[in-house]
J.: 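This is the structure I have questions about; it appears just below.
A quick note: this is a predicted structure, and the numbers were derived from the prediction, not measured.
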Amino acid sequence: MAAYDYDVLYIGSGHGTFDGAAPLAAKGKKVAVVEQDLIGGTCPNRGCNAKIVLDSPVALKRHLEEVHGIITGDVDINWAANQEHKHEVIAGLPDFIQGLLDSSNVDILFGRGTLVDNHTVKVNGEEKTAENIVISTGLQSNRLDIPGSDLAHDSEEFMNLSEMPARVTVIGAGYIAMEFATMASAAGSEVTVITHGDQALRAYHQPYVELVISDLESKGVKFVRGVEVEAIVGGANGLVVRGADLNIDTDWVLDATGRNPNVADLGLEEVGVKFNENGIEVDDHLRTSVENIYASGDVIDKKEPKLTPTAIFESTYLMHTFAGETTDAIDYPVIPSVVFTSPRIAKAGITVAEAQANPDKYTVVENDLSGDWYRQVDKETIGKNTLIFDQDHKLVGATEVSNKAEDVINALLPAMEFKFGPAELERMVYLFPSIASQAWGQL
């Protein structure tokens, strides 16, 4: 048997890696992680953690607006102070995560990792070998291929803005576009959102998406739909975003047209690892087309949501695989997702569209939450959810639009994942009053 430097070597140090790499090394396996940037990858440093810190005052401002009259006085977001607070919260995360890896005796190799062959990775000119290799390089922001694209900015640059520009134009209609349009508007910017198609957040229940859009429009956000942006040019007073019948004066442009898998210049083609525009192709054991090379996290071409919880689950699954604790195929749980607009949209399980297309299999129940006494504690103005049940009246899907949508979906996850029936439902006793108790009472 060949002697390798490591049992497992990971390329990339995000959630697709460190959640599994540390416990794997703690079990006695020799593990290395290659990272060319900040330890922890996108989520802790320039994604989820940073975003939720910046969003916290936005959600609070919405709440204060809804209880205006009970709480008096005007509230404005000091974006510079918000940005400073974000740095205070996330600045220590790379060292914290590195500490977790170090304490488990994981070797951290700083530099760019490139595959030499199916057992060898070159880092800073030095070759390291491993019995198994995991590619966990994540995604990067897409950049429009138009004249003036260099005048636009990506999500990382938005989250590092020291001052909010007076006019912000957002190109795109996905998570990043809608969340950052919400933040910019709440911080006092004049916001325009330009969408290539007619729909935003296409993976979500469209009536609920339209409620969010209408709410943003009521706060002054302008939506321009079905338009192709053709150029960004410098103007007499800032920038101009141009297209057919489109001429928008602005100070700052966010290119939120999607994210692409980081597969370039890794040596994938040379070694024979297959990939496409959606990411690296894997089987049901997360193996690539090269038997001992695996992939984890957002870089994978998969139908499951490309989200941090998915990457954590995949990383943990690979840990059990490499530790010899399972030979089973990966069995994904119900994975929830949320858009941190104000109000939020969150969902898990069978979608409304799928349920409506299969009326013989599912029962769809929509609830208007505006009359719910607990929602009126905070004077919520928007609140609906749709619950999907199978033929045995077990919950198999849920989607909600409200200020607390993420908490509701989290509360309902056990019923979906473990297929609770009446006996199990009776055993679930939540704190009262609470949003979880109210959500559970609908089942």
J.: Taking atom types as modelled and ignoring hydrogens, do the side chains of Y6 and D107 form a donor-acceptor contact shorter than 3.5 angstrom?
T.: yes

J.: For the residue pair H15 and F18, does the interplanar ring angle fall in the parallel (under 30°), tilted (30 to 60°) or perpendicular (over 60°) class?
T.: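 Tilted.
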
J.: With distance as the sole criterion, is a donor-acceptor pair present between the side chains of T257 and N142 under 3.5 Å?
T.: yes

J.: Test side chain to side chain donor-acceptor pair (under 3.5 Å) on S402 and R344 and set out the steps.
T.: CA-CA 5 Å; S402 75; R344 280 74 158 99; over 6 Å; no

J.: Is a side-chain donor-acceptor pair under 3.5 Å present for Q442 with N385?
T.: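 Result is yes, a qualifying pair exists.
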
J.: The criterion is side chain to side chain contact (heavy atoms under 4.5 Å, CB included); which residues satisfy it with H196, sequence neighbours excluded?
T.: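 Testing H196 for side chain to side chain contact (heavy atoms under 4.5 Å, CB included), a comparison that skips the adjacent residues, returns E228.
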
J.: Hey, is the main chain of V191 close enough, under 3.5 Å, to the side chain of S185 for a donor-acceptor pair?
T.: no

J.: Distance alone, cut at 3.5 Å: any donor-acceptor contact between the side chains of E281 and N276?
T.: yes

J.: Please check if the side chain of S103 supplies one atom and the backbone of L100 the other of a donor-acceptor pair under 3.5 Å.
T.: yes

J.: So which pairs with a foot in residues 74-84 pass side-chain hydrogen bond (donor to acceptor under 3.5 Å, both in side chains), sequence neighbours left out?
T.: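 side-chain hydrogen bond (donor to acceptor under 3.5 Å, both in side chains) check on residues 74-84 returns Q83-K86.
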
J.: Look only at the side chain of Q438 and the backbone of D372, and say whether a donor-acceptor pair between them is shorter than 3.5 Å.
T.: no

J.: Please report the shortest heavy-atom distance between S155 and S141, naming the atom on each side.
T.: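 Result for this residue pair: OG-OG, 3.9 Å.
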
J.: Would you mind checking if D283 and R287 are paired as a salt bridge, meaning a charged N to carboxylate O distance below 4.0 Å?
T.: yes

J.: Given 3.5 Å as the limit, does a donor-acceptor pair link the side chain of D284 with the main chain of A329, or not?
T.: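 Side chain of D284 to backbone of A329, a donor-acceptor pair under 3.5 Å: no, none is there.
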
J.: Do you see a donor-acceptor pair shorter than 3.5 Å between the side chains of E131 and N292?
T.: no

J.: Does the side chain of E406 reach to within under 4.5 Å of the side chain of F340, using non-hydrogen atoms?
T.: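 In contact.
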
J.: Minimum heavy-atom separation for A355 and I350, please, with both atom names.
T.: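 Heavy-atom minimum between the residues: N-CG2, 4.1 Å.
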
J.: Could you check whether any side-chain heavy atom of V168 comes within less than 4.5 Å of a side-chain heavy atom of P165, counting everything from C-beta outward?
T.: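 With C-beta onward as the side chain, the pair touches.
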
J.: Compare all side-chain heavy atoms of R259 with those of T42 and state whether any distance is below 4.5 angstrom.
T.: yes

J.: Got E270 and V116 here, is their nearest side-chain heavy-atom distance under 4.5 Å?
T.: no

J.: Test your reading of the model: is there a side-chain donor-acceptor pair from S104 to the backbone of V106, 3.5 Å cut-off?
T.: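 No, S104 side chain to V106 backbone: no donor-acceptor pair under 3.5 Å.
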
J.: Got a donor-acceptor contact below 3.5 angstrom from the E380 side chain to the N403 backbone?
T.: yes

J.: Is it the case that Y204 and S337 place a side-chain donor and acceptor less than 3.5 Å from each other?
T.: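 Distance-only check passes for Y204 and S337.
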
J.: Say whether, by atom type as modelled, one donor and one acceptor occur between the side chain of D117 and the main chain of T120 under 3.5 angstrom.
T.: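 Side chain of D117 to backbone of T120, a donor-acceptor pair under 3.5 Å: yes, one is there.
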
J.: Check whether the ring centres of Y208 and H205 lie less than 6.0 Å apart, and answer yes or no.
T.: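 Here the rings of H205 and Y208 have centres that are less than 6.0 Å from each other.
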
J.: Ignoring hydrogens and geometry, is there a side-chain-to-backbone donor-acceptor pair from E417 to P414 under 3.5 Å?
T.: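 No; zero donor-acceptor contacts below 3.5 Å.
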
J.: Where the side chain of K347 meets the backbone of E400, is there a donor-acceptor pair that is under 3.5 Å apart?
T.: no

J.: Verify whether the ring centers belonging to H119 and Y4 lie closer than 6.0 Å.
T.: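 Ring centres of Y4 and H119 closer than 6.0 Å.
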
J.: Mind checking whether F322 and Y10 have parallel, tilted or perpendicular rings, split at 30° and 60°?
T.: perpendicular

J.: Do any N or O atoms from the side chain of D298 and from the backbone of L139 form a donor-acceptor pair under 3.5 angstrom?
T.: no

